[in-house]
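Residue numbering restarts at 1 for every chain, and letters A, B, ... go by the order of the sequence lines.
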Amino acid sequence: MAKKFYLTTPLYYVNASPHIGHSYTTIAADCLARYMRPRIGKENVWLLTGTDEHGQKIQRAAEKEGLGAQEFADKTVVRFKSLWQELDISYDDFIRTTEPRHTNTVEKVLDILHEKGDIYEAKYQGWYCVPCETFWTDSQVSEKKCPDCLRPLEKISEANYFFKLSKYQDRLIRHIKANPDFIKPVIRYNEVLSFLELNKLTDLCISRPKERLEWGIELPFSPGHVTYVWFDALINYISAVGEFDNQGNYHSKWWPADLHLIGKDILRQHAIYWPIMLFALDIEPPKTIFAHGWWLINESKMSKSTGNVVSPLEISKKFGVETYRYFLLRDVAFGQDGNFSEEAIIKRFNSDLANDLGNLIYRTLTMAEKYFQGNIPAAKQTLETPQAKNIEEKIKSLDARVFDALGAESAVNFSQALEAIWELINIANKFIEDTKPWNLAKEKKTEELGDFILLLINTIKEVSGQLLPFMPKTAEAIKAQIRGDKVKKGKPLFPRIDIQNSNL
RNA sequence: CGCGGGGUGGAGCAGUCUGGUAGCUCGUUAGGCUCAUAACCUAAAGGUCAACGGUUCAAAUCCGUUCCCCGCAACCA
């Protein structure tokens, strides 16, 4: 396993409230960080998240509310931070693109690349919609009308700065081919590679004139321009954990990032722009970029215009944080799209959490209290059944199976890890049925009964340990019921949701 | 003829590379059991594996054709 683990979420754009997609990436990242910490040492894991606060949309949104851009960002960033608190996100650092540590680094990067000749000035032609204050490229426009408001456009030409993506295209292709784990899952790897092989990259426009956009980081070599979103935002991954020296060399104990977790919608920026920026800066690219899928709402893409945006806060309040985390990480294989609905959550909750996990704990502790007055029986080695042996083996091998799914170099598969945990839970439930403890009790076979209970308790302990990164509070709640050599049954952890009789 | 992914019992998926009795979860039905949150356990029903054609002793799996769905197609967080 790696000696250090630096992982990131994207910087979320603060023009609106966080939605389920933001929470998905962040919960996944948190789960991985929690998984890695005990394994390689807390001090060797660094989880970075943060907010992207520059750009036109924020400037506009601020104006709408009669606030300054910074003021507006300050207000929105709180929504993200408090959501992360609610969802038990254990980030190590939270960076905002308006912080000096970031803006300084961006300026430095711009200077270095400008001096090197990888950023150059050029005329830029396109169409401008005066009422919308929006710039459109030729390819976006048809019949000289604004795609948004359909009003006539003005042809404009302005000077802007461009970054030489094209110069590094071949190198990027070589890098991708030499590093099969660079972009994951495979479908995204192929998508990026074939895109690069079939298209010639055009240089990236990285500036906006201040007359059109004021809210951004000024280009050090052209005070009339600010840099444009992606060039600003991506740099956070290095600005948060290191610095450039006077010779323009970057130093960081964390870089290269081990994993950038992103949504598939921002794959191109991360898999093409970002590594090329790093090539130009002579910095090693990240080890892996993993693009996960989307949550669809009633089979369709979540969007503000259709009004089907799901609030993570609302769902976690309704079903519990632990349920929310579990559902997102379990219901679809990481990388694929999923369908989000309350029905789907309830189904998972009832079958996995209430019936399988919750019930296993509850029935086991009930027996421990009923037959042994809450004492965990000492081992007597009387259980020799194949089922018992099987469980013992499964307990021993669970850690490795979860590791294969989650910790191994090329795997980030939360649902597979959870499936492995649930396999043990299900075997334990069957084991109870097969052993028939109620008969052992009637026949006064106390030693067997004791060994049986002990094995179940050991199962539950292992399960709760493995569950920790996914559902930290649940793991704690389970531990609280099994302390030392005593058990103390609490209320059911996941009381079944009765759809008919609930007001959900 | 742009590139790519996919169409498998009611739902969601695995299996396709390395052909050989079609598997998992949920749902449905029947039974069992009582430690348990109407839970748990067992069993059953249900699929011509999109269609057609080919290769083969044998195809969901290989080849060809057709139909359908979904991503990506340059600055969009």
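Distance check on atom C1': rA51(B) versus rC67(B) gives 7 Å, rounded to whole Å. A distance of about 7 Å separates the P atoms of rC49(B) and rA60(B), rounded to the whole Å. Taking atom C1' on both nucleotides, rU29(B) is separated from rG71(B) by 40 Å, rounded to a whole Å. Nucleotides rG6(B) and rU16(B) have their C1' atoms positioned 13 Å apart, rounded to a whole Å. Atom name P, nucleotides rU25(B) and rC41(B): the rounded distance is 10 Å, in whole Å. rG27(B) and rU66(B) are spaced 42 Å apart, taking the P atom of each and rounding to whole Å. If you take atom P in rC57(B) and the same atom in rA45(B), they sit 34 Å apart, rounded to whole Å. rC24(B) and rG15(B) have their C1' atoms separated by 10 Å, with the value rounded to a whole Å.
The partner of rG2(B), taking Watson-Crick or G-U wobble pairs whose two distances both stay under 3.5 Å, is rC72(B). Pairing for rU65(B) is with rA51(B), a Watson-Crick or G-U wobble pair whose two hydrogen-bonding atom distances lie under 3.5 Å. If you check rA60(B) for Watson-Crick or wobble pairing at under 3.5 angstrom, you find it has no partner at all. Base pairing analysis places rU42(B) opposite rA30(B); the two distances defining the Watson-Crick or G-U wobble pair are each below 3.5 Å.
When heavy atoms are screened at a 4.0 angstrom cut-off, Asp352(A) is found touching no nucleic acid atom at all. Residue-level contact check: Leu267(A) touches neither bases nor backbone, having no heavy atom under 4.0 Å from any strand. Asp356(A) comes within 4.0 angstrom of sugar-phosphate atoms only, judged by non-hydrogen atoms across all strands, and of no base. When heavy atoms are screened at a 4.0 angstrom cut-off, Pro437(A) is found touching no nucleic acid atom at all. At a threshold of 4.0 angstrom between heavy atoms, the contacts of Lys200(A) include nucleobase atoms, whether or not backbone atoms are also involved. Across all strands, Leu198(A) comes closer than 4.0 Å only to sugar-phosphate atoms, never to a base (heavy-atom distances).
When side chains are defined from C-beta on, Ser415(A) does not count as touching Val332(A), because their heavy atoms never get closer than 4.5 Å. Leu456(A) is listed as a side-chain neighbour of Met367(A), based on a closest heavy-atom distance under 4.5 Å. Within the 4.5 Å cutoff, the side chain of Thr76(A) has no heavy atoms near those of the Glu53(A) side chain.
Whole-Å rounding puts the Gln336(A) CD to rC69(B) P distance at 21 Å. Following rounding to the nearest Å, Leu456(A) (CG) and rC35(B) (P) show an atom-to-atom distance of 15 Å. Here the C1' atom of nucleotide rC35(B) and the CZ atom of Phe452(A) are 8 Å apart, to the nearest Å. For Lys264(A) and rA73(B), the NZ to P distance is 12 Å, given to the nearest whole Å. Rounded to a whole Å, the CD atom of Glu433(A) is 9 Å from the P atom of rU34(B). The CG-P distance, from Leu357(A) to rC40(B), rounds to 12 Å in whole Å. Rounded to an integer number of Å, the gap from Ile497(A) CD1 to rU37(B) P is 17 Å. The CZ atom of Arg330(A) sits 16 Å away from the P atom of rG12(B) (whole-angstrom rounding).
Of the residues Phe340(A), Tyr12(A), Trp294(A), Phe334(A), the one that meets the ring-ring contact (aromatic ring centres under 6.0 Å, His included) test with Tyr24(A) is Phe334(A). Of the candidates Lys123(A), Arg212(A), His225(A), Glu158(A) forms a side chain to side chain donor-acceptor pair (under 3.5 Å) with just one, namely Arg212(A).
Nearest-nucleotide assignment on RNA chain B puts the 5′-proximal partner with Asp337(A), out of Arg348(A) and Asp337(A). In terms of position along RNA chain B, the nucleotide closest to Ser351(A) lies nearer the 5' end than the nucleotide closest to the other residue of the pair Pro492(A) and Ser351(A).
Within the 6.0 Å centre-distance limit, the rings of His270(A) and Tyr237(A) are counted as a close aromatic pair.
For the residue pair Asp74(A) and Gln70(A), a side-chain donor N or O sits within less than 3.5 Å of a side-chain acceptor on the partner. Donor-acceptor pairing under 3.5 Å is recorded for the side chains of Thr382(A) and Asp451(A). Side-chain contact check for Tyr326(A) and Thr474(A): no donor-acceptor pair (N or O, by modelled atom type) lies under 3.5 Å.
Side-chain atoms of Pro495(A) lie closest to rU37(B) of the nucleotides rC76(B), rU37(B), rU34(B).
Counting distance only, with no hydrogens placed and no angle test, the side-chain atoms of Thr202(A) and the base atoms of rC75(B) include a donor-acceptor pair under 3.5 Å. Scanning atom types as modelled, no donor and acceptor separated by under 3.5 angstrom connect the side chain of Glu191(A) and the base of rG5(B).
Against RNA chain B, the stretch residues 358-373 of chain A makes heavy-atom approaches under 4.0 Å through Gly358(A), Asn359(A), Tyr362(A), Arg363(A), Thr366(A), Met367(A), Lys370(A), Tyr371(A).
Note on Asn355(A): a side-chain N or O is less than 4.0 Å away from OP1 or OP2 of rC40(B). When the side-chain nitrogen and oxygen atoms of Tyr228(A) are compared with OP1 and OP2 of rC76(B), one or more of them lie within a distance under 4.0 Å. Under 4.0 angstrom from either OP1 or OP2 of rC72(B) there lies no side-chain N or O belonging to Arg188(A).
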task: For side-chain hydrogen bond (donor to acceptor under 3.5 Å, both in side chains), just list the numbers for Ser166(A) and Lys200(A), CA-CA rounded to whole Å, side-chain angles, deciding distance to a tenth of an Å, and then say yes or no.
output: CA-CA 7 Å; Ser166(A) 50; Lys200(A) 188 159 176 5; 5.0 Å; no
